[in-house]
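Counting starts at 1 for both ligands and their atoms, following the listed order. Position 1 is the first residue of the sequence, and the numbers go up from there.
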Amino acid sequence: MTTAYVNGIFTPLSEARISPMDRGFLFGDGVYEVIPCYGGQPVAMPYHLERLHDSLKGIALSPSHSDAQLHALIDELIHRNGGGDLGIYLQITRGVVERRQHAFPDKCEPTVFAYTFPISPPSDGSIESATCFTTVTRPDQRWGRCHIKSTALLGNVLHMMEAVEENAEEVLLFNDHNQLTEAAACNVFVVSDDIILTPELDHQKLPGVTRRQCLELLAAHSDWAVEVRPVSLEEVLSAQEIWLSSSTKELSPVVRVNGQPVNDGKPGPRWSAAQQLFHQHRFSRP
Ligand SMILES: Cc1ncc(COP(=O)(O)O)c(C=O)c1O
């Protein structure tokens, strides 16, 4: 039985209740984090809290919990859910209102909800431990503030369904100039001409914690050429390797795009080496 947290109370997830007048339900007026936890130990908490604050600021919502309180509630949630390998979902909405109106009310008590879900043990970078992804490509039709980790994810959900309809697990998204933005629930790295490429951050991409860690790990522990710059559709379609990055997947190799194999259709050597860096530094990074 999963234990959840709702506004100061730990409760069985099946008994957790939030009002339909919560602005998170009415408007998707909230933000969230997903924090991975391996062997009972959360990963990259400072980076997740930093982005949570940026997201809250992006929707002009004052935090109701201090960082120390968030740390304590997450530690308690991990403990109550038995530790192990877990994803921790943390959502903060603007809270419950009396009347549905678009403009924020002057005063509102934020709703804080968290629960845990099981995640796969992380990969050590060996080919056998890789969770491979197949993808399709689509024009990015989400909204103009993708840098906020907003719970308004309908655009992402519809794109993910386009992947599912093609028997794929993710969708690689491209802006009006046919440049890669990100995936429905991941950032993207591409290996082209032996260079590791990832698009620069802007309003069309979520600043992924895993993307940030990947760039830091490669800078500190590899001599590979890395370029943060626009990545074209052609570079993606002819890539030597493509990786997805997210907190609960770390780096995952893409082996097919639009039904065609990426290179030989197997996880590539650079993915393996980069994921080994995640494996070695899992708990020694911020
Ligand atoms: C749209 C989107 N981009 C990128 C990411 C990766 O972010 P992170 O590495 O912080 O999990 C996510 C994760 O949920 C996401 O939803």
Distance-only, no hydrogens or angles: does the E227 side chain make a donor-acceptor pair with backbone N or O of L197 under 3.5 Å?
-> no
Between R212 and E50, does at least one N-O distance fall below 4.0 Å, as a salt bridge requires?
-> yes
If you draw a 6.0 Å radius around CG in D193, do more than 12 non-hydrogen atoms from other residues or ligands fall strictly inside?
-> no
Would you check ligand 1 and list the protein residues that come within less than 4.0 Å of it by any heavy atom, ordered by chain and number?
-> Y32, R51, R142, K149, N156, E182, A183, A184, A185, C186, N187, L206, G208, V209, T210, S245, S246, S247
Charged N to carboxylate O below 4.0 Å: is that the case for E33 and K149?
-> no
Any residue meeting side-chain hydrogen bond (donor to acceptor under 3.5 Å, both in side chains) with T181, in chain and number order, not counting sequence neighbours | D140
Ion pair check, R229 and E235, cut-off under 4.0 Å | yes
